[in-house]
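Notes to accompany the following structure.
Owing to the predicted nature of the structure, the values given are computational and were not obtained by experimental measurement. So that the names make sense, note that chain A is the first sequence line, chain B the second, and so on, each numbered from 1. Heavy atoms only: backbone and side chains are in, while hydrogens, waters and symmetry mates are out.
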Amino acid sequence: MIMAAAAVRRGGSEAFFVGSQIQRRQMKIMGMTLLSPTTSSPLSSNHSNFISSSSSSSSSNSNSNSRDKHKNDDASSSFRYINDALAFFSGGSSISSRDKHKNDASSFRNIDDALAYFNHMLHRKPRPCIIQFNKLLSTIVKMRHYHDAVISLSKQMELAGLSPDSYTLHMLINCFFQLQRVDLGFSVLAKIIKLGLQLTIVTFNTLINGLCKAGKFGQAVELFDDMVARGCQPDVHTYTTIINGLCKIGETAAAAGLFKKMGEAGCQPDVVTYSTIIDSLCKDRRVNEALDIFSYMKAKGISPNIFTYNSLIQGLCNFSQWREASAMLNEMMSLNIMPNVVTFSLLINIFCKEGNVFEAQGVLKTMTEMGVEPNVVTYSSLMNGYSLQVEVVQARKLFDVMITKGCKPDVFSYNILINGYCKAKRIGEAKQLFNEMIHQGLTPDIVSYNTLIDGLCQLGRLREAHDLFNNMLANGNLPDLCTYSILLDGFCKQGYLANAFRLFRAMQSTYLKPNMVMYNILIDATCKSGNLKEARKLFSELFVQGLQPNVQIYTTIINGLCKEGLLDEALEAFRNMEEDGCPPNEFSYNVIIRGFLQHKDESRAVQLIGEMREKGFVADAGTTA
DNA sequence: ACATGAGTCT
């Protein structure tokens, strides 16, 4: 009965290219050509429908995506495929040695070397031309984190009587936008005009990109329309930049629309456009559609690059499709595109999230052998792996190794380590790191606060958690949904349900809308307090808020029903999960089986255990015991 | 113009 409301179905998610009949027919033809042995990857079959406009096929597509999330490989061999793929190549020569030191401007080991070289150039007689300076500045821009340095260098250049050209000024616009100084970015535009330099498509593209990066997407679109109105034709960069912006704010349908439009305007999408869309689809959990676009672009004669492959490898890994991910890796390497630091880092991250730090260490070793230098992301990912395993000592060791290797920890690295100490219940050291990071000139962000607040809540130190919450507000950080969830859970776990509900209602009067995690916390708490009536009320409230129950919510409710001995209703809810688009996971099975066992209904428990094994799920200790 | 890492719930 409680599930009646759940019959409200999620509308089928829109296929990427809505209403594009012509493209659909093309795709079918391409699909067949791609099956030829030379061009086919093991991945190119069975991913139809991405360009379909029919709602039935698109909704079945999105469902099949979520079904695919089931582990399709034996857990222990999950990572073997990928490591095998890497091992095949790691025996050979190292990747980067031959590409290093291509030209002297890009061979600086760090910012200090670059700055020293700048001074050398500035005082050399005769002075090198602006192009030489531009080269150096663009190298510094690529180092990231030094945009302010570029700005100050350009000032020095001007003071020394060296006039900037368009390239210099575009770079400056970039730097200002990176520093979120939109106003100063536009002041450079004024300067371009004052100097009488041409406003080119590059100028517009630079500004549009900068606005997107600074989160001013509305203004970016305005400028886009403005340049069209001025008779300046957008090029593939312009379109791709806007498409990327749309993807990043979750407007995938609009991105698809623009993609179609650019084709109609005679501007052909290139590898960057396709990679942008593929990445967005992967992040949207629409991997099958991403694979379709991947086939489609290849059929169009556009060669995927390292970005394309990295996005797809990550997308496939997130669906536990290890075999397919390693096939992708192999395909990439067979095209002589070698994995880079991003590829390795994402693999390490995925392995760590799966709880397999050992394999992740292996990847670090492999990449080092292949001559790819780990970066702060690589180290942080592995640190996170240790943290999640409550091996904070190992995480700390790696943190120190990273520093020794000249790799500066950033806010992410600190947050990860703080979380490691919190999970290990070593809150003192966590606080210490929090202070250390400030001392290092880094600013704690909302995640830093949330992590520490959660650490305190987990220890039942709600008073201190609340103090930190206030501290956070005082430092100008607005609480987000996560903050509230953490506090909500803290209250609930300590039995302060009334406080939890008060906080929940208070939050609803802010700009924040409650999400599934919060309902899950509250439903769980009310069930555990024996108030099933209130839990049902919350469950129906969820729909009013426009939310769709997910696996966790179902599992929580099933758990609650089992606790009350309402086994038939629990099973009914369990059976409804599949058709409601969130098939039960390992956790759900364990919960319901435990319920049946606790109420001595062994025959139904045994049946479910069989079913669970069939799906490749593992019964946990509490279930089998 | 495109790709990697952190925090909440069963």
Side-chain angles (χ1 to χ4, degrees), chain A residues 202 205-206 208-209 212-213 235-245 247-248 269-280 282-283 304-315 340-350 352-353 375-385 387-388 410-420 422-423 445-455 457-458 480-490 492-493 515-525 527-528 550-560 585 587-588 590-591:
Chain A
V202 180
N205 287 347
T206 306
I208 289 173
N209 180 47
C212 288
K213 288 274 145 62
D235 65 4
V236 63
H237 287 218
T238 331
Y239 280 112
T240 304
T241 303
I242 298 276
I243 287 174
N244 186 40
C247 287
K248 291 282 138 64
D270 65 7
V271 59
V272 179
T273 322
Y274 280 106
S275 300
T276 302
I277 287 168
I278 286 172
D279 186 62
S280 172
C282 285
K283 298 242 156 52
N305 62 17
I306 184 83
F307 291 82
T308 330
Y309 281 108
N310 282 344
S311 293
L312 284 166
I313 290 168
Q314 170 151 261
N340 63 6
V341 61
V342 176
T343 323
F344 288 114
S345 299
L346 75 86
L347 289 175
I348 286 175
N349 184 45
I350 299 261
C352 285
K353 290 250 178 68
N375 65 14
V376 61
V377 179
T378 323
Y379 286 116
S380 301
S381 300
L382 195 51
M383 279 167 52
N384 191 40
S387 286
L388 295 176
D410 59 12
V411 175
F412 274 79
S413 331
Y414 273 100
N415 288 349
I416 287 166
L417 199 53
I418 288 172
N419 188 41
C422 285
K423 290 279 170 318
D445 62 6
I446 183 79
V447 178
S448 326
Y449 283 101
N450 287 348
T451 308
L452 258 189
I453 291 173
D454 186 48
C457 284
Q458 294 297 324
D480 65 3
L481 287 171
C482 225
T483 322
Y484 281 105
S485 299
I486 289 164
L487 290 170
L488 219 53
D489 191 54
C492 288
K493 292 278 155 66
N515 65 5
M516 221 95 76
V517 174
M518 297 180 157
Y519 278 103
N520 199 26
I521 292 167
L522 291 175
I523 291 173
D524 185 53
C527 282
K528 286 199 173 121
N550 60 11
V551 191
Q552 280 109 318
I553 296 262
Y554 271 107
T555 309
T556 301
I557 296 221
I558 289 165
N559 193 27
N585 59 20
F587 215 100
S588 325
N590 278 303
V591 162

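Residue A:Ile418 is out of contact with every strand shown, counting any heavy-atom pair closer than 4.0 Å. Among the heavy atoms of the strands lying under 4.0 Å from A:Thr451 are primed sugar atoms or P, OP1, OP2 only; no base atom is included. At a threshold of 4.0 angstrom between heavy atoms, the contacts of A:Val341 include nucleobase atoms, whether or not backbone atoms are also involved. Contacts of A:Ser380 with the nucleic acid, taken as non-hydrogen atoms under 4.0 Å apart, include base atoms. Among the atoms of the strands shown, none is found under 4.0 Å from any heavy atom of A:Asn205. Within 4.0 Å (heavy atoms only), A:Thr378 reaches no atom of the nucleic acid at all. Within 4.0 Å of A:Asn515, counting heavy atoms only, lies no atom of the nucleic acid at all. Here A:Asn305 lies in heavy-atom contact (under 4.0 Å) with a base.
Side-chain N/O atoms of A:Thr483 and A:Asp480 include a donor and acceptor closer than 3.5 Å. Side-chain contact check for A:Ser588 and A:Thr555: at least one donor-acceptor pair (N or O, by modelled atom type) lies under 3.5 Å. A donor and an acceptor atom, one from each side chain of A:Asp235 and A:Thr238, are located under 3.5 Å apart. Side-chain contact, A:Thr556 with A:Asn559: no donor N or O sits under 3.5 Å from an acceptor N or O. For the residue pair A:Ser387/A:Asn419, the side-chain donor-acceptor check at 3.5 Å is not satisfied. In this structure, a donor-acceptor pair under 3.5 Å is absent between the side chains of A:Thr451 and A:Asp454. Side-chain atoms of A:Asn209 and A:Thr206 form no donor-acceptor pair, as typed in the model, at a separation below 3.5 Å.
Closest contact between the side chain of A:Asn415 and the listed nucleotides B:dC2, B:dT10, B:dA6 involves B:dA6. Of all nucleotides listed (B:dC9, B:dC2, B:dG5), B:dG5 comes nearest to the side chain of A:Gln314. Taking only side-chain atoms of A:Asn520, from C-beta outward, the nucleotide of B:dA1, B:dT4, B:dT10 with the closest atom is B:dT10. When each of B:dC9, B:dA6, B:dA3 is scored by its nearest atom to the side-chain atoms of A:Val342, the top-ranked nucleotide is B:dA3. The side chain of A:Gln552 lies closest to B:dC9 when the candidates are B:dA3, B:dG5, B:dC9. Distances from the side chain of A:Thr240 to the nucleotides B:dA1, B:dT10, B:dA3 place B:dA1 closest. Looking at the side chain of A:Val377, the nearest of the listed nucleotides B:dT4, B:dA3, B:dA1 is B:dT4.
As rounded to whole Å, 6 Å separates atom C1' of B:dA6 from atom CG of A:Asn384. B:dA1 atom P lies 7 Å from atom NZ of A:Lys213, rounded to whole Å. Summarising the geometry, the separation between CD1 on A:Ile348 and C1' on B:dG5 is reported as 11 Å, rounded to the nearest angstrom. Rounded to whole angstrom, the span from the CZ atom of A:Phe344 across to the P atom of B:dG5 amounts to 16 Å. When the C1' atom of B:dA6 is taken as reference, atom CG of A:Asp480 falls 12 Å away, rounded to whole Å. Computed from coordinates, the A:Ile558 CD1 to B:dT10 P distance equals 15 Å when rounded to whole Å. As rounded to whole Å, 11 Å separates atom P of B:dA1 from atom CG of A:Asp270. In this structure, A:Met518 places its CE atom 12 Å from P of B:dC9, rounding to the nearest Å.
With its ring centre under 5.5 Å from that of the base six-membered ring and a plane angle below 30°, A:Phe412 counts as stacked on B:dG5. Per the stacking criterion (ring centres < 5.5 Å, plane angle < 30°), A:Tyr484 does not stack onto the base of B:dT8.
Scanning atom types as modelled, no donor and acceptor separated by under 3.5 angstrom connect the side chain of A:Thr556 and the base of B:dT10. The base of B:dG5 sits with one of its N or O atoms less than 3.5 Å from a complementary donor or acceptor on the side chain of A:Asp410.
In terms of phosphate contacts, A:Gln458 brings a side-chain nitrogen or oxygen within less than 4.0 Å of OP1 or OP2 of B:dC9. Taking side-chain N and O atoms only, A:Lys493 has a distance below 4.0 Å to OP1 or OP2 of B:dT10. Of the side-chain N and O atoms in A:Lys423, none sit less than 4.0 angstrom from OP1 or OP2 of B:dA6. Using a 4.0 Å cut-off, some side-chain N or O of A:Lys353 falls inside it from OP1 or OP2 of B:dA6. Close to B:dT4, at under 4.0 Å from its OP1 or OP2, lies no side-chain N or O of A:Asn349. Put simply, A:Lys283 has a side-chain N or O that comes within less than 4.0 Å of OP1 or OP2 on B:dT4.
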